[in-house]
Structures are given as structure tokens and as C-alpha cells.
Protein chains: 2
Amino acid sequence: MRSSEVAARAGVHPQTLRYYERRGLVSEPPRTATGYRVYPAAAVSRVRFVKRAQELGFTLDEVRDLLHLADGGPDDCDSARALARSRLRALEARIADLHRMRESLVELVETCERPRRDRRCPLLDALQTGRKEA
Amino acid sequence: MRSSEVAARAGVHPQTLRYYERRGLVSEPPRTATGYRVYPAAAVSRVRFVKRAQELGFTLDEVRDLLHLADGGPDDCDSARALARSRLRALEARIADLHRMRESLVELVETCERPRRDRRCPLLDALQTGRKEA
DNA sequence: CTTGACTCCGTAGCCGGGTACAGGGTTGAG
DNA sequence: CTCAACCCTGTACCCGGCTACGGAGTCAAG
């Protein structure tokens, strides 16, 4: 398969394929006599793996590690699981962060919603004074 | 106040102050005869406002808009509120995203946790085949 | 044989939010 | 007077993940 076909099937641009090659996510495919890359069919699933893992919040470096683990045996399975767990923890921490941000923002907007006599914007004031943990 | 003092009080680096100046977040302060910036005390709260708003997920461009609104009257208060609400919506959408990512990741790790006879890693397989919405 | 689509390579640019560095001038204490 | 610590400017670099560009070679159809 040529690069544009692999790219189209995996839903990426052909340049992205070369980029993944440089990053060690996709191994260098054999070439034609004139230097064109010729990919095995498995390259498509490999790239899809990358995109899927990215959707789950893995960085490209982590995906590369996962892929290299996938080439190994059962010991590597444990490593993969550990990586997934740590990703999960990071994700949960991030969610908790955003929840806190949301809480503060909701409060801020509510403050602002209350009728006020004076013409100062309570939202801007609240932000300015840093009502919490600031 | 000199730049390093403002920076220290607001918890940023002096360069960051210059950066904010370039970005229009902090107005150009007057200078001494030899060209040193001399900040009014209000500059510290201005920078703290920026950091506080950033914690709530506003981009620097949005913060700049908020600050310019803060200089205005009651009409601008409505705009500020609208900006905060739209930020809130974006935040909630992002949280929902992360929740979906978390769900998938939890499932993945659980799959992996189940005892298996064969030595393939179910996590890696699952990622590869893209069990959902892929 | 020409034309247009594909491919190659290297390099540079984008986003956001800074951080670092080079090469100078200034200030204030000892 | 000297020295460190500050300040000035402009520019380049960092992260991650692409995306675009320029200039050249190749392939297949007409």
C-alpha cells in the first residue's frame, strides 16, 4: 500500500505518517526501487491504534511505549496495564481540577446574576480580589 | 515599584510581565529617566487577576478582553458575564469529554485485569481493534 | 511525450504561554 | 571605584502534534 492509501484508511494525512515514522510509532516500511514507501496492511491498524490511544489521552511517547510493549510478551502486558492505570490516575486528577474550576466559575456567574445597585461588575471584582485559595 | 517587585508579589517572572505588556494585558508603565519601568501598585492586582482568570480556564486573549471590559461601564458587565458563561460551557464540554475518556480507560484496564489463558495483552488488543465509536 | 497526480526530502511554521540568552546600561553598597 | 544585582532590548527557544512549503523525481493515462 502507498502512503496516501494508508493515510486515507487510517484517517490521517500522509505527512502525519512520515511524522509518526520519525517519532518511532510506525516502523520504516520497505521501499520500491525508486524510493517510494510500500506499507503492509498492518500499518493501517497501527496508525488506528495510535489515534485510538490518543483519544484516551495518551501522549505520542506513551503510545510508542505501548506499541513497543505490544511487540513483546506477557511481562510487557503488565507494563502496559501499569501505563494505562497511571494514565487513568492523571485523567482523574485532571477531571477533578476541571470540576474545581467549574465550581468557581459557576459561583462567579451566579454572583454576577444577582441584581446589584452599584454599577461595578461583581464578576470582575471577584476575579480581581481572588476570593479563594489565591 | 520596579518590575522584579511587581513580579515577585504577583508570583510571576519579570519577563512574564514584559510578555503580558506585549500581549496587552498590562499597560505600559511610565519609565524613569534611564528607561526603567515604574509600576503603580495596581499592577500587582492586575497580574493576579490574570493568573486567577487563567486558573479558571480563560485564555490570555479572553483575559485581555475581560480586563478591557473591566475598564468600562455596566454594559461591559453584561459582556463579561457572557464571556464567563461561554467559558463555563466550554469547561463543561471538556469535562464531559474527559469523563468519556475515563470510562473507556476504566473498561480497558478492567478487561486487562481479568485472568486470561492466552498470553496476548487484552488491553493492547482492545486498543488496536477500537472497541467503540472509532 | 506531456500532463497531472503522486511521492520524495528537508525545513519551517503554527498554536499558547511563557522561558532563556546575549550583550549591553544603571544603581547602590562597601 | 568596583562589583554585584538589577534592568533594558531583541531574539530565539521550549512543549506536543502536527501542517505547509519548496523543489525535485516518478508514475500512469491519454
Side-chain angles (χ1 to χ4, degrees), chain A residues 1-26 28-40 43 46-67 83 87 90-91 94 97-98 101, chain B residues 1-26 28-40 43 46-67 83 87 90-91 94 97-98 101:
Chain A
M1 243 184 289
R2 302 226 214 140
S3 41
S4 63
E5 194 181 347
V6 173
R9 290 196 192 207
V12 300
H13 294 290
Q15 299 105 307
T16 306
L17 235 39
R18 292 207 304 124
Y19 176 67
Y20 286 175
E21 195 178 311
R22 281 208 300 284
R23 291 287 300 259
L25 292 158
V26 172
E28 292 189 38
R31 308 284 190 120
T32 64
T34 51
Y36 285 24
R37 287 171 182 81
V38 181
Y39 291 93
R46 189 129 176 147
V47 175
R48 284 193 184 141
F49 180 104
V50 174
K51 300 314 278 182
R52 169 89 183 131
Q54 269 189 305
E55 280 170 16
L56 295 179
F58 290 90
T59 66
L60 286 191
D61 281 348
E62 286 169 337
V63 180
R64 191 201 47 214
D65 292 349
L66 280 175
L67 282 164
L83 197 46
R87 193 86 287 284
L91 194 48
R94 182 66 183 144
D97 272 356
L98 293 193
M101 282 164 55
Chain B
M1 245 185 289
R2 304 233 205 134
S3 42
S4 64
E5 193 181 348
V6 173
R9 290 195 193 209
V12 301
H13 294 290
Q15 296 105 309
T16 306
L17 233 41
R18 292 209 302 124
Y19 176 68
Y20 285 176
E21 194 178 312
R22 279 209 299 284
R23 291 288 299 259
L25 292 157
V26 172
E28 292 189 38
R31 307 286 189 120
T32 65
T34 52
Y36 285 24
R37 287 171 182 82
V38 180
Y39 290 94
R46 190 127 174 146
V47 176
R48 284 195 183 138
F49 179 105
V50 174
K51 301 313 279 181
R52 169 89 182 132
Q54 268 189 307
E55 281 170 14
L56 294 180
F58 290 90
T59 67
L60 286 191
D61 280 349
E62 286 169 338
V63 180
R64 190 200 47 215
D65 292 348
L66 280 175
L67 282 164
L83 197 45
R87 194 86 288 284
L91 194 47
R94 181 67 184 144
D97 272 355
L98 293 193
M101 282 164 54

**OP:** Could you walk me through whether F49(B) and L25(B) pass side chain to side chain contact (heavy atoms under 4.5 Å, CB included), step by step?
**Re:** CA-CA 10 Å; F49(B) 179 105; L25(B) 292 157; over 6 Å; no

Subject >> Residue-level proximity of residues 5-13 of chain B to DNA chain C when a heavy atom falls under 4.0 Å >> reply: H13(B)

Closest heavy-atom contact between [X] and [Y]?
{"X": "L17(B)", "Y": "S3(B)", "result": "CD2-O, 3.4 Å"}
{"X": "A53(B)", "Y": "V63(B)", "result": "CB-CG2, 3.8 Å"}
{"X": "A7(A)", "Y": "H13(A)", "result": "CB-C, 3.8 Å"}
{"X": "P14(A)", "Y": "S4(A)", "result": "CG-CA, 4.2 Å"}
{"X": "G24(B)", "Y": "R64(B)", "result": "O-CG, 3.4 Å"}

**OP:** Just jot down the side chain to side chain contact (heavy atoms under 4.5 Å, CB included) partners of R87(B), sequence neighbours excluded, or say none.
**Re:** L105(A), F58(B), E62(B), A90(B)

**OP:** Not counting sequence neighbours, which residues clear salt bridge (Lys or Arg N to Asp or Glu O under 4.0 Å) with R2(B)? List them please.
**Re:** none

Original post:
Is the shortest distance from a Lys or Arg side-chain nitrogen in K51(B) or E55(B) to a carboxylate oxygen in the other one below 4.0 Å?
Top reply: no

**OP:** Check every atom of dC6(C), dG17(C), dC8(C) against the side chain of R2(A) and return the nucleotide holding the closest atom.
**Re:** dC6(C)

Subject >> Distance in angstrom units between L17(B) CG and dT19(C) P, rounded >> reply: 12 Å

Subject >> Nearest-Å distance for atom pair OH/P, residues Y36(B) and dG25(C) >> reply: 11 Å

**OP:** Identify the 5'-most and 3'-most nucleotides of DNA chain D with at least one atom closer than 4.0 Å to a non-hydrogen atom of chain B.
**Re:** dC6(D) to dG10(D)

Subject >> Closest-nucleotide ordering on DNA chain C, the 5'-leading residue of T34(B) and V50(B) >> reply: V50(B)

**OP:** Tell me, with the steps shown, if R23(A) and D61(A) meet side chain to side chain contact (heavy atoms under 4.5 Å, CB included).
**Re:** CA-CA 8 Å; R23(A) 291 287 300 259; D61(A) 281 348; 3.0 Å; yes

Original post:
Is any side-chain nitrogen or oxygen of R37(A) closer than 4.0 Å to OP1 or OP2 of dC6(C)?
Top reply: no

Original post:
Using a cut-off of less than 4.0 Å, is there contact between a side-chain N or O of Y19(B) and OP1 or OP2 of dG16(C)?
Top reply: no

Original post:
What is the nucleic acid contact for S3(B), judged by heavy atoms within less than 4.0 Å: base, sugar-phosphate only, or nothing?
Top reply: sugar-phosphate

Original post:
Contact class for T32(A) vs. all strands (heavy atom < 4.0 Å): base, sugar-phosphate, or nothing?
Top reply: nothing

Subject >> Side-chain touch L67(A)/V50(A), heavy atoms, less than 4.5 angstrom >> reply: yes

**OP:** Check step by step if side chain to side chain contact (heavy atoms under 4.5 Å, CB included) holds for V12(A) and Y19(A).
**Re:** CA-CA 11 Å; V12(A) 300; Y19(A) 176 67; over 6 Å; no

Subject >> Stepwise salt bridge (charged side-chain N to carboxylate O under 4.0 Å, His left out) check, R18(A) with E21(A) >> reply: CA-CA 5 Å; R18(A) 292 207 304 124; E21(A) 195 178 311; over 6 Å; no

**OP:** Would you work out how much the helix from dC1(C)-dG30(D) to dG30(C)-dC1(D) bends between its ends, with each end axis defined by five base pairs, to 10 degrees?
**Re:** 30°

Close N/O contacts between protein and nucleotides 10-13 of chain C (under 3.5 Å):
| residue | atom | partner | partner atom | Å |
| --- | --- | --- | --- | --- |
| dG10(C) | O6 | R18(A) | NH2 | 3.3 |

**OP:** For the pair R48(B) (side chain) and R9(B) (backbone), establish whether a donor and an acceptor sit closer than 3.5 Å, ignoring hydrogens and angles.
**Re:** yes

**OP:** For V38(B) and for T16(A), locate the closest nucleotide of DNA chain D by heavy-atom distance; then report the residue assigned to the nucleotide nearer the 5' terminus.
**Re:** V38(B)

